[in-house]
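Please read the structure below before turning to the comments.
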2 protein chains.
Amino acid sequence: MLRAAIDLADVEGVQTLTMRRLAKELDAEAMSLYHHVANKDDLLNGVVDLIANEINDAVEAIDVLSAGAAWKQAARERILTARTVFLRHPWAPPLFESRAAVSPAVVRYHDRLVGLMRDGGFSYDLAHHALHALGSRALGFSQELFDPGDGSAPAEIPEGMAEQLPYLVGMLREVAHDDPDSTLGWCDDQFEFEFGLDLILDGLDRLRSSR
Amino acid sequence: MLRAAIDLADVEGVQTLTMRRLAKELDAEAMSLYHHVANKDDLLNGVVDLIANEINDAVEAIDVLSAGAAWKQAARERILTARTVFLRHPWAPPLFESRAAVSPAVVRYHDRLVGLMRDGGFSYDLAHHALHALGSRALGFSQELFDPGDGSAPAEIPEGMAEQLPYLVGMLREVAHDDPDSTLGWCDDQFEFEFGLDLILDGLDRLRSSR
DNA sequence: ACCTGAACACCGTTCAAGT
DNA sequence: ACCTGAACACCGTTCAAGT
């Protein structure tokens with residue numbers, strides 16, 4: 001049933017994931033779902049937990065050294081592997097963020113990540129701050145609030161925009177110019193994710209070895 | 001009307017911000033709102049834009065040096081000031097993240113932030129990556145996906161939990177022990193936000209001066 | 001024990017009708 | 001031009017009734 005819910009969201013979008021629609025998908029005549037799940041929130045918690053288990057299966061199959069300085073590479077690989085799961089379920093990040101009750105599988109994921117940091121010599125205090133600093137990046141996604149020039153305004157910049165937004169226009173002109181054949185989509189999500197991730201991991205690594 | 005929507009969300013919670021309820025609040029008999037707004041999405045876009053303007057008013061009143069190395073302190077102050085607005089509207093971050101169309105005021109905010117980075121000597125390329133790395137932190141919030149020990153399980157750790165989650169339990173025991181009189185709420189949101197922010201700003205500053 | 005259909009209390013939104 | 005009420009097509013959920 002949770003599997004069916006995930007499949008439905010993957011194929012038709014998360015907004016069509018409704019109790020009635022899901023029941024139809026399962027050839028159950030409507031409100032029988034309530035015998036397997038307390039309410040819709042409970043169903044969504046289950047969906048999150050199942051995806052988190054999918055992530056755990058993927059990352060726990062990785063076998064790399066994590067002692068000392070190797071922690072960083074190990075954490076990096078783990079996080080980027082977790083990310084591949086979200087690439088299959090692009091509707092899932094907002095769902096993960098909206099959950100009040102935390103999924104046991106998500107807790108387990110973070111437990112193991114703290115384990116890697118401990119292997120690297122982190123104090124519990126630093127590991128704690130590290131989890132906060134990473135936030136959703138620890139699980140492999142980062143909610144993009146604002147996608148500067150998401151492909152909408154490629155070549156032509158509206159009249160007066162340069163005066164009102166001098167810096168963004170400047171940035172747009174230069175970065176788009178650097179890579180002329182991809183004027184739209186000049187933000188490489190994967191690159192940007194790794195850039196931000198490395199910035200944080202490097203910073204943590206520096207704190208680790210200075211203590 | 002947008003003001004009324006924000007007040008309603010502040011007082012009664014964002015889930016009660018419904019077209020019918022908002023109309024009642026304005027003593028308008030229900031569906032007259034559609035003469036001032038295309039649909040609910042449009043209303044929410046307006047709400048986001050108004051809050052973003054509130055942020056811009058606050059940060060543009062700041063007058064500090066931003067040339068060269070001073071960029072970092074200027075950006076830090078700006079972001080922490082923006083954050084104070086969200087502390088008044090704690091329901092707003094998910095709304096900001098859910099918007100498809102970007103608010104002009106949000107764009108303006110980011111334009112000025114890039115301006116600070118330019119003052120600090122950033123290339124446009126680095127400023128671009130910096131925006132992505134900061135993500136929602138640039139605007140003063142970070143969606144916490146997982147609040148390790150958010151006050152629920154203070155002293156008593158369930159049987160078997162230590163074996164299943166050795167690292168989180170270890171972390172919980174140590175960090176809670178450090179500050180015994182605040183066993184619940186051992187995560188100081190403001191401190192954690194600044195920790196993560198400084199980690200990123202310091203990393204960017206290092207890249208800035210190494211180029 | 002499990003499923004069902006009708007019903008309830010809500011949504012956002014449309015539309016024809018009022019002033 | 002602005003507001004209104006009824007109605008439509010959806011929700012999640014309750015509940016009494018079926019097998």
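All chains are named by letter (A, B, ...) in the order of the sequence lines, taking the proteins before the strands, and each is independently numbered beginning at 1. Below, all heavy atoms of this structure are taken into account, side chains as well, without hydrogens, waters or symmetry copies.
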Atom pair distance, as rounded to whole Å: CE in A:Met1 and C1' in C:dC3: 14 Å
Spacing between B:Arg20 atom CZ and D:dG5 atom C1', to the nearest angstrom: 11 Å
Given DNA chain D, 5'-ward residue of the pair A:Thr16 and A:Ala38, judged by closest heavy atom: A:Thr16
Ring-face cation contact, A:Tyr124 with A:Arg118, 6.0 Å cut, 45° max: yes
Between P of C:dT13 and NE2 of B:His36, the distance in whole Å: 16 Å
Candidate nucleotides D:dA6, C:dT4, D:dC3, ranked by approach to the side chain of A:His35 - the nearest: C:dT4
Min side-chain heavy-atom separation A:Leu172-A:Leu165 under 4.5 Å: no
Rounded interatomic separation in angstrom, taking CG from B:Leu26 and C1' from D:dC2: 15 Å
D:dC8 pairs with, by Watson-Crick or G-U criteria that keep both distances under 3.5 Å: C:dG12
Atom pair distance, as rounded to whole Å: OH in B:Tyr34 and P in D:dT4: 15 Å
Assigned partner base of C:dC2, Watson-Crick or wobble definition, under 3.5 Å: D:dG18
Given D:dG12, D:dC3, C:dT4, the nucleotide with the shortest approach to the side chain of B:Ser32: D:dC3
Under 4.0 angstrom between B:Thr18 side-chain N/O and C:dG12 OP1 or OP2: yes
Whole angstrom value for the distance that separates P of C:dC11 from CG of B:Leu43: 14 Å
Aromatic plane relationship, A:Phe195 with B:His129 - under 30° parallel, 30 to 60° tilted, over 60° perpendicular: tilted
Gap between atoms NZ and P, on A:Lys24 and D:dC11 respectively (whole Å): 9 Å
From D:dC3, C:dT13, D:dT14, nucleotide with atom closest to A:Met31 side chain: D:dT14
cation_pi(B:Arg112, A:Tyr167) dist<6.0 Å, angle<=45: no
Basic-acidic side-chain contact under 4.0 Å: B:Glu77, B:Arg83: no
Interatomic distance where CG belongs to A:Asp42 and C1' belongs to D:dG12 [whole Å]: 14 Å
